[in-house]
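Take a look at the structure set out below.
Remember, predicted model here, so these are calculated numbers, not experimental data.
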Protein chains: 2
Amino acid sequence: MSDEKYKMIVAVDIVLFTIKENDLKVLLIKRLHDPFKEMWAIPGGRVEQNESLKAAAERELSEEVNVKVDYLEQLYTFGEPQRDPRGRVISVVYYALVSSDNIKPMAGSDAKEFRWHSMFKLPKLAFDHKEILDYALQRLRYKLGYTTVGFELLQEKFTLTELQKMYETILDKQLDKRNFRKKIFSLDIVNPTLDSRMEGPHRPAKLYTFKKKYLTFSSDIV
Amino acid sequence: MSDEKYKMIVAVDIVLFTIKENDLKVLLIKRLHDPFKEMWAIPGGRVEQNESLKAAAERELSEEVNVKVDYLEQLYTFGEPQRDPRGRVISVVYYALVSSDNIKPMAGSDAKEFRWHSMFKLPKLAFDHKEILDYALQRLRYKLGYTTVGFELLQEKFTLTELQKMYETILDKQLDKRNFRKKIFSLDIVNPTLDSRMEGPHRPAKLYTFKKKYLTFSSDIV
DNA sequence: CCAAAAGTGTTAGTGATACACCCATGT
DNA sequence: ACATGGGTGTATCACTAACACTTTTGG
């Protein structure tokens with residue numbers, strides 16, 4: 001069934017998002033060799049013969065980045081004939097969300113240079129990876145509107161201000177504090193805890209956890 | 001860069017929708033050979049070495065089905081290792097919308113048996129194509145809510161009742177006539193024409209055309 | 001007592017829903 | 001004149017958006 005005139009490589013690439021320092025970050029790897037030497041790229045690699053696409057994405061994240069993600073969803077498949085100058089590469093791209101406290105110090109790094117970059121201040125990117133990141137951000141923004149995926153970016157316990165900041169950061173717009181809280185409570189997706197967090201000379205904030213029972217909503221969250 | 005231990009085939013498959021007889025139809029091909037002999041499948045085929053994925057989908061539609069579609073969008077990539085018993089096939093699936101009056105009598109058929117099937121009364125399907133169709137319907141329903149893709153299923157001139165029936169058919173629920181018209185007019189997406197259509201012993205219906213200027217909306221259509 | 005972020009309600013406006021009758025036509 | 005689908009408006013309800021002050025704490 002295979003045929004010598006077809007030389008195609010099937011790869012997975014992963015857009016890994018997190019929230020750090022009130023900013024939306026994406027994990028990039030600096031390329032050490034041509035093509036696109038010295039430019040930044042999203043992690044990825046070839047799909048093995050007997051693994052599913054999603055398993056390949058998880059394996060690459062584990063091997064290359066040493067991260068186990070909380071959320072992983074197929075984004076889009078990029079397959080323009082000339083997107084990789086070395087040959088035909090069909091890249092099935094996933095995007096992943098991870099809480100910033102689930103990030104270990106990237107031991108499996110193979111001496112590669114990794115870095116979290118702000119999605120709003122990206123360096124020069126290899127291949128068509130700029131297009132991929134733009135599309136991933138767009139998808140993430142859409143999904144924030146009618147699902148609770150955003151919670152995967154937060155720690156297990158979070159304050160309502162952190163929750164709101166997460167939405168504001170990703171959507172890149174300000175939200176009204178009172179309306180936001182009203183909406184979150186009316187959706188019944190958070191549980192108050194008995195804990196609170198002190199963070200300076202002011203009233204401590206209550207900590208909440210996420211009720212996982214709902215993932216999508218008929219009405220909008222934000 | 002290629003390697004003998006990787007034997008993967010990259011294919012495109014297409015879910016082709018139309019509206020006929022107030023029903024949502026999908027084009028299926030009867031398989032003449034094993035595996036899944038006698039079962040129905042969606043059209044598709046191998047991606048050529050130097051064509052884009054979308055071009056491959058268009059070529060398959062043109063060659064296999066002799067249809068030029070009005071709307072074509074990538075749906076999802078299916079790549080479970082065992083989805084095709086003959087070997088590893090990564091299938092990039094597109095879905096397409098065509099107006100029922102753009103369907104020519106399928107000359108390029110190569111003696112294959114084609115048929116439009118109701119999405120609500122599907123026969124036994126080959127491979128994972130049932131899963132693909134379910135997902136395509138879900139996507140189409142979502143997209144109807146905030147885009148005007150549904151208009152691609154109608155003829156150039158249409159009545160408001162036809163438009164409403166299209167939404168009702170796909171969403172599989174009844175809509176209120178007055179509210180539906182109010183909403184369509186408020187969105188400013190149709191132009192009245194001077195024509196009207198007679199269809200029996202009753203008042204003739206005005207014909208409208210679609211204003212293509214908007215494709216997506218911030219508020220919902222239905 | 002001061003600075004800083006946490007927390008809390010009301011009002012006005014906008015959009016969604018529910019609902020019933022007259023109109024234009026062919027037979 | 002009647003049967004058939006085409007076409008129209010209003011009232012209620014729910015949700016969204018705008019807006020400012022009090023509370024709790026550490027220093």
Side-chain angles (χ1 to χ4, degrees), chain A residues 19 21-22 141 144-146 154-155 157-169 171-209 214 216-222, chain B residues 19 21-22 141 144-148 154-155 157-169 171-209 214 216-222:
Chain A
I19 294 271
E21 300 143 15
N22 284 334
R141 284 175 171 167
L144 273 195
Y146 63 96
L154 300 178
Q155 298 175 246
K157 295 184 181 182
F158 50 85
T159 70
L160 292 182
T161 300
E162 286 172 340
L163 182 62
Q164 181 177 345
K165 280 251 162 61
M166 181 270 287
Y167 276 95
E168 289 180 337
T169 299
L171 300 174
D172 202 20
K173 78 172 180 199
Q174 298 299 110
L175 302 172
D176 180 88
K177 180 160 61 161
R178 278 172 291 188
N179 293 337
F180 180 79
R181 287 164 186 239
K182 223 181 306 169
K183 186 78 205 204
I184 294 297
F185 290 136
S186 78
L187 290 171
D188 186 35
I189 48 178
V190 295
N191 276 321
T193 70
L194 299 174
D195 302 348
S196 57
R197 181 180 301 158
M198 283 300 314
E199 254 185 342
H202 53 79
R203 180 171 176 172
K206 271 188 217 147
L207 289 169
Y208 293 81
T209 57
Y214 302 119
T216 66
F217 292 94
S218 47
S219 67
D220 288 350
I221 296 181
V222 281
Chain B
I19 293 273
E21 301 142 14
N22 284 333
R141 283 176 171 166
L144 274 195
Y146 61 95
T147 72
T148 57
L154 301 177
Q155 299 176 245
K157 294 183 180 179
F158 50 85
T159 68
L160 292 183
T161 300
E162 287 171 340
L163 182 62
Q164 183 178 341
K165 281 249 161 62
M166 181 270 286
Y167 277 94
E168 290 179 337
T169 300
L171 300 175
D172 201 21
K173 77 171 180 198
Q174 299 299 111
L175 302 171
D176 179 90
K177 180 158 63 161
R178 277 173 290 190
N179 293 337
F180 180 80
R181 286 164 187 239
K182 222 181 306 169
K183 184 77 204 203
I184 294 297
F185 291 136
S186 80
L187 290 170
D188 187 35
I189 48 177
V190 295
N191 274 322
T193 69
L194 300 174
D195 303 347
S196 56
R197 180 180 301 158
M198 281 299 316
E199 255 186 342
H202 54 77
R203 180 171 176 173
K206 273 189 216 148
L207 289 169
Y208 293 82
T209 57
Y214 301 118
T216 66
F217 292 94
S218 46
S219 66
D220 288 349
I221 296 181
V222 281

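- To the nearest angstrom, P of C:dA16 lies 12 Å from NZ of B:K173.
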> Do B:I19 and B:E162 pass the side chain to side chain contact (heavy atoms under 4.5 Å, CB included) test, and can you show the C-alpha distance, the side-chain angles, and the key distance before you say yes or no?
Replying inline: CA-CA 10 Å; B:I19 293 273; B:E162 287 171 340; over 6 Å; no

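- Put simply, CG on A:D176 is 13 Å from C1' on C:dG7, counting in whole angstrom units.
- When side chains are defined from C-beta on, B:L187 counts as touching B:K183, because their heavy atoms get closer than 4.5 Å.
- Residue A:K177 has no polar side-chain atom (N or O) positioned under 4.0 Å from OP1 or OP2 of C:dG7.
- We find that CG of B:L187 is positioned 11 Å from P of C:dG15, with the value rounded to whole Å.
- Rounding to whole angstrom units, CD of residue B:E199 and C1' of D:dG7 are separated by 16 Å.
- Across all their heavy atoms, B:Q164 and B:L175 have their closest contact at NE2-O, 2.9 Å.
- Note on B:K206: only backbone sugar-phosphate atoms sit closer than 4.0 angstrom, heavy atoms only; bases stay farther off.
- For A:T161 and C:dA6, the shortest distance from a side-chain N or O to OP1 or OP2 is below 4.0 Å.
- The residue B:K183 sits close only to the backbone: its heavy atoms come under 4.0 Å of sugar-phosphate atoms, none of a base.
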>> The test is side chain to side chain contact (heavy atoms under 4.5 Å, CB included); show your working for A:L154 and A:Y208 and say whether it passes.
In response: CA-CA 11 Å; A:L154 300 178; A:Y208 293 81; over 6 Å; no

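- Between B:N22 atom CG and D:dG5 atom P the separation is 12 Å, expressed in whole Å.
- Heavy-atom distances to DNA chain D give each of B:A205 and A:D220 a nearest nucleotide, and the one nearer the 5′ end belongs to B:A205.
- Checked by distance alone, B:R178 brings a side-chain donor or acceptor within 3.5 Å of a matching partner on the base of C:dA20.
- Where A:N179 and A:R203 each meet DNA chain D at their nearest nucleotide, the meeting point lying more 5' is that of A:N179.
- If you take CG of B:L207 and C1' of D:dG5, they are 14 Å apart, rounded to a whole angstrom.
- Between B:R181 atom CZ and C:dC19 atom P the separation is 19 Å, expressed in whole Å.
- Between A:K157 and the choices A:T193, A:N191, A:D195, the side-chain hydrogen bond (donor to acceptor under 3.5 Å, both in side chains) rule is met once, by A:D195.
- Between the side chain of A:K182 and the base of C:dT10, at least one donor-acceptor pair of N or O atoms lies under 3.5 Å.
- Atom-to-atom, CD of A:Q164 to P of C:dA5 comes out at 14 Å; the value is rounded to the nearest Å.
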